[in-house]
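Notes to accompany the following structure.
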Number of protein chains: 2
Amino acid sequence: MKTYTISEVAKELNLTVYTLRYYDKEGLMPFVERTPSGNRLFKESDLSALKVIECLKATGMPIKEIKNFIDWCSEGDATLQQRYDMFLERKANVEAQMEELRKTMEVIEHKCLYYKTALEAGTEEIYKKDIIEINN
Amino acid sequence: MKTYTISEVAKELNLTVYTLRYYDKEGLMPFVERTPSGNRLFKESDLSALKVIECLKATGMPIKEIKNFIDWCSEGDATLQQRYDMFLERKANVEAQMEELRKTMEVIEHKCLYYKTALEAGTEEIYKKDIIEINN
DNA sequence: GCTTGACCTAGAGTTAACTATAAGCCTTAA
DNA sequence: TTAAGGCTTATAGTTAACTCTAGGTCAAGC
């Protein structure tokens with residue numbers, strides 16, 4: 001069975017070895033085994049789990065909450081409902097973030113137009129008396 | 001002309017007065033005037049500018065870079081191109097964030113399904129030998 | 001056998017973005 | 001005229017998520 005060293009995993013997941021050790025210290029990787037001399041030995045399934053952790057991080061979840069999830073995973077079937085609820089909550093959260101980004105994008109695009117027009121005119125003075133722009 | 005105190009602005013923009021003073025200290029609000037006794041006095045146009053600042057923050061722009069933009073604004077027409085370029089860059093950045101969120105959402109939705117199925121079965125053992133899940 | 005390089009831990013340092021405190025100044029209502 | 005409430009500054013503290021350093025172990029190649 002193929003295994004990986006910490007620096008291979010770091011490369012693969014675009015993280016640093018510092019970050020991986022930090023995650024371990026925070027209890028995010030209780031599943032990673034060691035060689036007889038104490039080096040971390042990552043399995044394929046550990047890589048998968050780390051990808052899920054990265055995904056949860058991408059939703060904006062703080063590490064302490066990710067740790068709760070990992071703990072639930074270790075507890076087995078008894079925590080299936082909590083974990084399901086957590087992912088539903090994450091889903092709602094990501095939807096809200098997307099909506100916020102869409103609104104942000106609207107303003108940014110408006111500004112792009114604003115500056116495009118100003119650049120063509122050579123000045124933004126044209127907007128200074130423009131009530132519409134003032135409300136943006 | 002209607003003006004606002006710092007706490008009115010904080011309420012309006014869902015920020016704290018601490019945050020507003022911090023922004024001021026960081027040079028994000030050189031336009032805000034003062035009363036004779038030294039209190040900040042916000043105009044409508046200051047609120048608009050703060051909303052643009054909030055928008056830039058929502059794109060993930062660090063405060064120091066927002067300060068650069070504010071400085072450019074003070075320098076007038078000579079910096080129109082820089083400001084335009086900056087907004088184009090922000091736009092690309094937000095698009096990338098949206099794409100990343102979409103990918104994240106796919107994984108989260110997959111996980112929601114996973115747990116829904118596991119809950120219905122009462123166990124996640126059904127997945128333990130499932131090669132497909134291991135690669136997620 | 002000894003050097004090199006990758007790994008280990010514990011713990012200190014960094015950074016961004018707040019968040020709070022202390023001490024003090026105006027204005028206003030009792 | 002004095003007490004309260006909202007403002008001011010300077011500065012210290014907090015938090016999350018790293019990021020780095022020091023000092024050490026271990027396995028492989030010369």
Side-chain angles (χ1 to χ4, degrees), chain A residues 2-43 46-47 50-70 90 93 97 100 104, chain B residues 2-43 46-47 50-70 90 93 97 100 104:
Chain A
K2 182 142 179 39
T3 57
Y4 305 85
T5 66
I6 194 166
S7 57
E8 283 166 345
V9 174
K11 201 167 191 178
E12 173 86 13
L13 299 181
N14 262 304
L15 297 168
T16 67
V17 291
Y18 300 139
T19 304
L20 285 169
R21 292 201 193 103
Y22 166 67
Y23 286 178
D24 198 5
K25 196 155 45 176
E26 293 300 306
L28 261 46
M29 292 153 46
F31 40 77
V32 176
E33 290 173 13
R34 302 291 183 121
T35 65
S37 66
N39 289 15
R40 288 176 189 82
L41 196 65
F42 295 78
K43 304 180 291 296
D46 298 344
L47 276 193
L50 276 167
K51 281 174 191 165
V52 173
I53 287 171
E54 284 308 283
C55 171
L56 289 174
K57 253 209 323 178
T59 72
M61 199 174 192
I63 273 152
K64 282 184 183 171
E65 279 176 49
I66 299 179
K67 185 199 169 350
N68 290 341
F69 166 69
I70 297 291
R90 280 297 107 195
N93 193 299
Q97 283 181 59
E100 160 124 39
T104 298
Chain B
K2 181 139 180 39
T3 57
Y4 303 84
T5 65
I6 194 166
S7 57
E8 283 166 345
V9 174
K11 200 167 190 178
E12 175 86 12
L13 300 181
N14 263 304
L15 298 168
T16 67
V17 292
Y18 300 137
T19 304
L20 285 169
R21 292 201 193 101
Y22 167 68
Y23 285 177
D24 197 5
K25 194 156 47 178
E26 293 299 305
L28 263 44
M29 291 152 48
F31 40 75
V32 174
E33 292 175 11
R34 301 290 183 124
T35 64
S37 65
N39 289 14
R40 290 175 187 81
L41 197 64
F42 295 79
K43 304 180 290 295
D46 299 343
L47 276 194
L50 277 168
K51 281 173 190 167
V52 173
I53 288 171
E54 284 308 284
C55 171
L56 289 174
K57 251 206 328 173
T59 73
M61 198 175 193
I63 273 154
K64 281 183 183 170
E65 279 176 48
I66 299 178
K67 184 196 167 0
N68 291 342
F69 166 69
I70 296 292
R90 278 298 107 194
N93 193 298
Q97 284 181 57
E100 159 124 38
T104 298

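Any value given below was found using the heavy atoms of this structure, including those in side chains, with hydrogens, waters and symmetry copies removed. Each chain gets a letter, A, B and so on, in the order its sequence line appears, and its residues count up from 1. Every value quoted in this text rests on a predicted model; they were computed, and no experiment measured them.
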[X] [atom1] to [N] [atom2]: how many Å, rounded?
{"X": "B/L20", "N": "D/dT9", "atom1": "CG", "atom2": "C1'", "value": "16 Å"}
{"X": "A/M29", "N": "D/dA17", "atom1": "CE", "atom2": "C1'", "value": "15 Å"}
{"X": "B/L56", "N": "C/dA17", "atom1": "CG", "atom2": "P", "value": "13 Å"}
{"X": "A/E8", "N": "C/dG5", "atom1": "CD", "atom2": "P", "value": "18 Å"}
{"X": "A/E26", "N": "D/dA17", "atom1": "CD", "atom2": "C1'", "value": "9 Å"}
{"X": "A/Y18", "N": "C/dC7", "atom1": "OH", "atom2": "P", "value": "11 Å"}
{"X": "B/Y23", "N": "D/dT9", "atom1": "OH", "atom2": "P", "value": "17 Å"}
{"X": "A/I53", "N": "D/dA17", "atom1": "CD1", "atom2": "C1'", "value": "15 Å"}

Under the 3.5 angstrom rule, does the side chain of [X] hit a backbone N or O of [Y] as a donor-acceptor pair?
{"X": "A/E8", "Y": "A/T5", "answer": "yes"}
{"X": "B/T104", "Y": "B/E100", "answer": "yes"}
{"X": "B/R34", "Y": "B/L41", "answer": "no"}
{"X": "A/E54", "Y": "A/L13", "answer": "no"}

B/K67 and B/Y23: side chain donor to acceptor below 3.5 Å
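B/Y23 and B/K67 do not have a side-chain donor-acceptor pair below 3.5 Å.
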Reading nucleotides 8-16 of chain C 5' to 3', which nucleotides get B (base under 4.0 Å from a protein heavy atom), which S (sugar-phosphate only), which -?
SB-B----S
My understanding is that only residues two or more places apart in sequence, or in another chain, count here; which of them pass salt bridge (Lys or Arg N to Asp or Glu O under 4.0 Å) with A/E26?
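Here no residue qualifies.
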OP1, OP2 of C/dC18 versus side-chain N and O of B/K57: anything below 4.0 Å?
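Yes, within the criterion.
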Check the phosphate of D/dC18 against A/T16, side-chain N and O only, distance under 4.0 Å to OP1 or OP2. Yes or no?
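So the side-chain polar atoms of A/T16 never come under 4.0 Å of the phosphate oxygens OP1 or OP2 of D/dC18.
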Answer yes or no: is there an ion pair linking B/K2 with B/D46, defined by an N-O contact shorter than 4.0 Å?
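No, no charged N to carboxylate O under 4.0 Å.
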Would you classify A/T5 as touching base, sugar-phosphate or nothing, given that sugar-phosphate means primed atoms plus P, OP1 and OP2, and contacts are heavy atoms under 4.0 Å?
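Result for A/T5 = sugar-phosphate.
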Let me spell it out: for each of A/T19 and B/S7, pick the nucleotide of DNA chain D with the closest heavy atom. Which residue's pick is nearer the 5' end?
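It is B/S7, whose closest nucleotide lies nearer the 5' terminus.
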